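The shown structure was predicted, so the numbers you read here are calculated from the model rather than taken from an experiment.
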Amino acid sequence: MKKIISLLMGVVLACQVALPVFAQTGTTSQTTADTTTQEGQTTDSTEQSGETGTTDTTQSEGTSTTGSTEVTALPTITSDSYIVMNADTGQVLISKNPDKKQYPSSITKILTTALALEYVDPEGEYTVTTEDVFPTYPESYRFSDSTYVAITQDENVKVLDLIYGTILQSADDTANALADCAAKAANRSVALSDGSTSYTAGFVEMMNEKAKSLGCVNSNFMNPHGLYNENQYTTAYDMALITRYALQTTNFLQYFSQTEYTMASTNKQSLPRNWKRSREGMMLSGSDNYYEGTLGVELGYETQSNHTAVSVVERDGIRLICVALNCTGSNSYVIQNDMTNLLDYCYNNFVPVTYTAAELAPEGFKTPVYDQRGEGSQMIGTATFSTDGDFTVLVHKNFSKEDISVSADIPGRYYQNEDMPSTLTFSMNSASAQNASQYMVPTMAALKLQVNVVTFSEIEAQKKAERQELFNKIFNVVKIIFFIFLGLVILLLIIRIRNKRKYKKRIARKKAAQARRRQLQQGSSPQRREPPRSNNRKR
């Protein structure tokens with residue numbers, strides 16, 4: 001017994017010694033966990049807070065692609081201005097003098113064709129007018145001194161002829177006719193000082209309106225064909241925006257990517273006109289300029305503009321727009337060589353970095369919405385954010401996702417009936433921006449989030465609707481149960497009545513059977529004879 005007591009006392013003493021150690025260890029683990037939680041909460045607060053203005057946070061979760069540390073230099077280019085843009089996202093990869101105003105020459109026809117396609121029917125027909133082939137707005141142009149296909153006044157042509165004449169053959173007369181055709185379809189014309197009406201002028205107004213809507217702040221157009229006018233200018237960046245818009249226009253790429261076309265004979269021309277690309281070597285497999293993946297090329301040249309060019313190339317699912325302006329080379333080979341060098345640099349050195357929709361618009365991140373500014377304002381609801389899906393930016397392989405900063409212009413609160421900014425801007429963070437600028441444009445892309453505002457009244461109405469829907473469901477269930485119960489009761493009553501009738505019939509049959517048995521029993525038993533009556537009477 002004493003041994004047992006001694007053993008128990010030893011165990012108790014050992015527990016007393018060990019307990020503080022375990023307690024200290026548990027406290028340390030808890031403290032570490034709390035600290036980690038606080039750090040996580042601080043990070044979340046930094047990522048989601050917009051109270052004091054723009055949020056600038058590096059997001060490092062998700063897919064991250066780290067390239068090699070090999071240093072690659074930008075290529076030497078003859079063109080005075082250039083830009084390479086991701087056609088899908090609008091991200092500018094590399095550029096030189098992107099906002100410098102330059103004369104565009106024939107690359108103007110990209111805007112002319114894309115804008116016209118919004119109004120014309122390619123399968124329709126058009127009759128060429130005097131204004132088309134002898135323009136007077138804003139000045140007289142002699143198309144015979146430039147590229148033309150010799151359409152004439154009163155010639156009946158297909159609209160498709162005008163489209164291919166403009167974007168494939170780069171003809172100035174078809175560009176002017178296509179512009180007039182679209183302006184007539186849009187019912188746009190301008191009354192000139194001499195009293196005449198110009199559809200060409202109406203289309204030029206449409207061109208400038210479209211350019212402005214696309215964000216082209218350094219462009220102005222005076223004609224649809226691109227022949228020199230001192231007031232017609234654009235920039236590499238604006239031209240990339242215009243080309244990106246064109247690629248989103250129905251059927252533009254189909255026409256832009258063709259290398260040959262035959263215009264059938266007309267009422268003014270008995271022979272067909274055959275057009276083939278010859279200078280756009282990037283599109284032609286047998287050319288020294290051939291560049292695999294090229295979808296389309298538009299070239300231009302004027303003495304004042306020198307060589308200009310736009311190309312669209314797609315490789316490995318990445319579609320790039322390349323614009324080069326004011327190239328002083330002796331021919332179009334030089335400017336196309338510029339573009340192939342720029343595109344090689346981008347395809348060889350940029351890698352995709354993807355942000356998931358959950359990273360871009362975290363679930364649960366909300367911004368309060370107030371009814372008005374100033375005193376007396378009341379919070380009327382909240383705004384949540386969403387995106388169509390994942391978003392990919394291209395980063396030079398010397399850098400990775402950890403070098404990218406994502407900033408938002410989302411304020412601390414929104415106000416009803418006012419603009420609600422919700423743009424995410426992707427750029428290299430402050431630690432990497434200076435180094436990155438040697439290889440790429442540090443400010444990469446912007447993504448507009450979708451803002452979904454839900455007011456408290458809408459929430460209450462939604463809850464009320466949900467309650468009503470729940471009530472209706474319960475009522476319908478009760479109604480179904482009631483009718484099932486009623487049906488069962490009626491069925492039971494029917495069965496009961498039927499069984500009662502059967503019972504009565506059975507009882508009746510039983511009684512009848514008993515009566516028959518009695519009759520049979522009476523018929524089979526011997527009858528007693530009554531004594532004969534005496535005829536003697538007492539006297």
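- A cation-pi arrangement is present between Lys401 and Tyr355 under the rule of less than 6.0 angstrom and at most 45 degrees off the ring axis.
- Within the model, atoms CD1 of Ile167 and CZ of Arg277 stand 7.0 Å from one another, a figure rounded to the nearest 0.5 Å.
- There is a side-chain donor-acceptor pair under 3.5 Å between Glu298 and Ser170.
- A donor and an acceptor atom, one from each side chain of Ser377 and Asp371, are nowhere located under 3.5 Å apart.
- Side chain to side chain, Ser427 and Ser405 fail the donor-acceptor criterion of an N or O pair below 3.5 Å.
- Listed by chain and residue number, Tyr291 satisfy the side chain to side chain donor-acceptor pair (under 3.5 Å) test with Asp344 (two or more places apart in sequence, or in another chain).
- Distance alone, capped at 3.5 Å, places no donor-acceptor pair between the Asn326 side chain and the Asp80 backbone.
- By the side-chain contact (heavy atoms from CB on, under 4.5 Å) test, Ala186 pairs with Tyr119, Arg188, Met206, sequence neighbours left out.
- Listed by chain and residue number, Leu111, Leu115, Glu118, Ser213, Leu214, Tyr245 satisfy the side-chain contact (heavy atoms from CB on, under 4.5 Å) test with Lys210 (two or more places apart in sequence, or in another chain).
- Partners of Asn341 according to the side-chain contact (heavy atoms from CB on, under 4.5 Å) rule, which considers only residues two or more places apart in sequence or in another chain, are Pro75, Ile77, Asn337.
- Under 3.5 Å, the side chains of Asn218 and Thr235 contain no donor-acceptor pair of N or O atoms.
- With sequence neighbours left out, the ring pair (Phe, Tyr, Trp, His ring centres under 6.0 Å) criterion links Phe256 to Phe252.
- Screening residues 301-326 for ring-ring contact (aromatic ring centres under 6.0 Å, His included) gives Tyr301-His307 as the qualifying pairs, with residues at least two apart or on separate chains.
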